[in-house]
Amino acid sequence: MFNGSELRLRKALDSKTPIIGSWIQTSSPTCAEILANAGFAWLGIDCEHTSAGVQGVENIARAIHGRNTALLVRVSRADIIEIRQCLDVGAAGVIVPMVETAAQARTAVAAAKYPPDGVRGYCFGRMNDWGACFDEYAATANKSVVVIAMIETKAGVDNIDEILAVGGIDGIFIGPYDMSGSYGVPGQTQHPHLKKAYQSLVEACRRHGKVAGQHIVKSTPGKLNEAVALGYTFICLDADIILMHQSARAVMETAKETFNIK
Ligand code: 3PY
Ligand code: MG
């Protein structure tokens, strides 16, 4: 059922107030528990670039249940059955990668919403406490379930107005690394051409009254300040693998200095 963390996410998206999440790349329920306990309001689990799958989503949904963190799934694509299964095992919503057309955005929304708004199928599942809360979930799901379109190619930028015009799309989430590849400057996520594209996306969100989000894959205070200034409110910071990598390196550096190991 939709609990406090999911309602808080919905409220933040509707009111365009900042909400901070992080990312699970390891598919690990343990990492998800640790990040949830750290206070992130939402976690995105990556099913596009990992082997997590729907079973992995269900394991993580169980791990963070009751920890005041909403679970979003970055599905592999706008696929009706994959989106349905992720929601049925307890995700609060989906982040759909590589959206470049209004047709893809419409498919994503249709997958996530029950009729008449979409084609989501009804069932007794984890999301409605195995049928115990069927009526309540069915009555509130279309409003509560979150659908975010990832914009991470030049085609997505070019078609942003028609993508954002699709009803049921809550907003966008920029994937800076794919965007850098699409603009021919792989890894240069702060390249002036990209910054111009980011700016045009945020302005489009403002025009359409939709939320602007970005994955700040390696966060710094400077990038956070810039995100605030530009008007992003749906923010994802780092990822389990990045946070582990950075702190492991820092600890090892200190140990090498202390023990004078070359
Ligand atoms: C990207 O940078 O392309 C991403 O998908 C980040 O999540
Ligand atoms: Mg990407």
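What's counted below: heavy atoms across the whole structure, side chains too, no hydrogens, waters or symmetry copies.
- Taken from CD1 in I60 to OG1 in T69, the straight-line distance is 12.0 Å, to the nearest 0.5 Å.
- The shortest side-chain heavy-atom distance between P97 and E152 falls under the 4.5 Å cut-off.
- The closest side-chain heavy-atom distance from I148 to I172 is not below 4.5 Å.
- A donor-acceptor pair is defined here as one N or O able to donate and one able to accept, closer than 3.5 Å; no such pair exists between the side chain of H208 and the backbone of K210.
- Placement of V96 and I80 in two distinct hydrophobic clusters is found when ILVMFWY residues are connected by side-chain heavy-atom separations under 4.5 Å, directly or transitively.
- In terms of hydrophobic clustering, with Ile, Leu, Val, Met, Phe, Trp and Tyr side chains grouped at heavy-atom distances under 4.5 Å, V211 and L201 are assigned to different clusters.
- When every heavy atom of V147 is checked against every heavy atom of K113, the shortest pair comes out as CG2-CE, 4.3 Å.
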* Apply salt bridge (Lys or Arg N to Asp or Glu O under 4.0 Å) to the pair R106 and E162, showing each step before the final yes or no. => CA-CA 10 Å; R106 274 195 294 273; E162 62 176 60; over 6 Å; no
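- Smallest separation of non-hydrogen atoms from D129 and C133: OD2-SG, 3.4 Å.
- Two residues are said to be in side-chain contact when any heavy atoms from C-beta on lie closer than 4.5 Å; D88 and R120 meet this criterion.
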* Take S180 and Q188 through the test side chain to side chain donor-acceptor pair (under 3.5 Å) and record every step on the way to the result. => CA-CA 6 Å; S180 69; Q188 295 181 51; over 6 Å; no
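- Both V73 and I20 belong to a common hydrophobic cluster when Ile, Leu, Val, Met, Phe, Trp and Tyr are linked at side-chain heavy-atom distances under 4.5 angstrom.
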* **Worked verdict on E58 versus R62 for salt bridge (Lys or Arg N to Asp or Glu O under 4.0 Å)** => CA-CA 6 Å; E58 183 165 30; R62 288 207 169 100; 3.3 Å; yes
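- Judged purely by atom type and a 3.5 angstrom limit, R84 uses its side chain to pair as donor or acceptor with the backbone of V119.
- The main-chain N or O of L13 is never found under 3.5 Å from a side-chain atom of T17 such that the two would form a donor-acceptor pair.
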* Is there a side chain to side chain contact (heavy atoms under 4.5 Å, CB included) between I19 and T233 once you walk through the steps? -> CA-CA 6 Å; I19 185 148; T233 57; over 6 Å; no
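- Residues I64 and L71 form a side-chain contact, since some pair of their non-hydrogen atoms from C-beta on lies under 4.5 Å apart.
- You'll find the side chain of W23 stays beyond 4.5 Å of the side chain of L237, heavy atoms only.
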* To do: Carefully, step by step, assess Q214 and C236 under the rule side chain to side chain contact (heavy atoms under 4.5 Å, CB included).
  => CA-CA 6 Å; Q214 171 150 200; C236 182; over 6 Å; no
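- In this structure, the side chain of S144 does not engage the main chain of A141 through any donor-acceptor pair within 3.5 Å.
- When every heavy atom of I174 is checked against every heavy atom of M179, the shortest pair comes out as CG2-CE, 3.9 Å.
- Using a 4.5 Å heavy-atom cutoff, the side chains of R207 and D161 are in contact.
- The CG atom of L35 sits 11.0 Å away from the OG1 atom of T30 when rounded to the nearest 0.5 Å.
- Going from atom SG of C86 over to atom CD1 of I95 covers 11.5 Å, rounded to the nearest 0.5 Å.
- A continuous path of hydrophobic side-chain contacts links V99 to V157 [ILVMFWY only; heavy atoms under 4.5 Å].
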* Derivation and outcome, salt bridge (Lys or Arg N to Asp or Glu O under 4.0 Å), residues R10 and D170 -> CA-CA 9 Å; R10 166 51 60 211; D170 289 299; 3.0 Å; yes
* Asked: Please walk me through it: do E48 and R77 pass side chain to side chain contact (heavy atoms under 4.5 Å, CB included)?
  -> CA-CA 7 Å; E48 181 195 10; R77 61 190 181 280; over 6 Å; no
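- In this structure, K154 and S182 approach most closely via the heavy-atom pair N-OG, 2.8 Å.
- Side chain of R74 to main chain of D46: no donor-acceptor pair is present (N/O by atom type, distance under 3.5 Å, no hydrogens or angles).
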* Which is it for D240 and Q25 under the side chain to side chain donor-acceptor pair (under 3.5 Å) test, yes or no, and what are the steps along the way? -> CA-CA 6 Å; D240 51 1; Q25 203 70 22; over 6 Å; no
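- D238 and S219 form a side-chain donor-acceptor contact under 3.5 Å, judged by distance and modelled atom types alone.
- In terms of heavy-atom proximity, I163 sits nearest to A102 at CG1-N, 4.0 Å.
- Under a 3.5 Å cut-off, the side chain of Q104 and the backbone N or O of E100 do form a donor-acceptor pair.
- Relative orientation of the F173 and W42 rings is perpendicular, given thresholds of 30° and 60° on the angle between their planes.
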* Asked: Does the pair Y183 and T153 meet the rule for a side chain to side chain contact (heavy atoms under 4.5 Å, CB included), with working shown?
  -> CA-CA 7 Å; Y183 277 77; T153 62; over 6 Å; no
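- Between Y198 and Y232, the distance separating the two ring centers is not shorter than 6.0 angstrom.
- Both Y122 and L87 sit in one connected hydrophobic cluster of ILVMFWY residues. Membership requires side-chain heavy atoms under 4.5 Å apart, directly or through other members.
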* **Test side chain to side chain donor-acceptor pair (under 3.5 Å) applied to T101 and N159, step by step** => CA-CA 6 Å; T101 63; N159 294 331; over 6 Å; no
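- Expressed to the nearest 0.5 Å, how far CG of L243 lies from SG of C31 amounts to 9.5 Å.
- In this structure, the separation between CG on N68 and CD on E6 is 10.0 Å, given to the nearest 0.5 Å.
- With a 4.5 Å cut-off on side-chain heavy atoms, I242 and Q246 count as touching.
- A distance of 8.0 Å separates SG of C123 from CH2 of W130, quoted to the nearest 0.5 Å.
- Contact check for I216 versus I235: side-chain heavy atoms found under the 4.5 Å cut-off.
- When all heavy atoms of L72 and F234 are compared, the closest pair comes out as CD1-CZ, 3.6 Å.
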* **Worked check of side chain to side chain donor-acceptor pair (under 3.5 Å) between E203 and Q199** => CA-CA 6 Å; E203 281 163 12; Q199 177 89 39; 3.1 Å; yes
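- A salt bridge links D14 with K143: the distance from a Lys NZ or Arg NE/NH1/NH2 to an Asp or Glu carboxylate oxygen falls below 4.0 Å.
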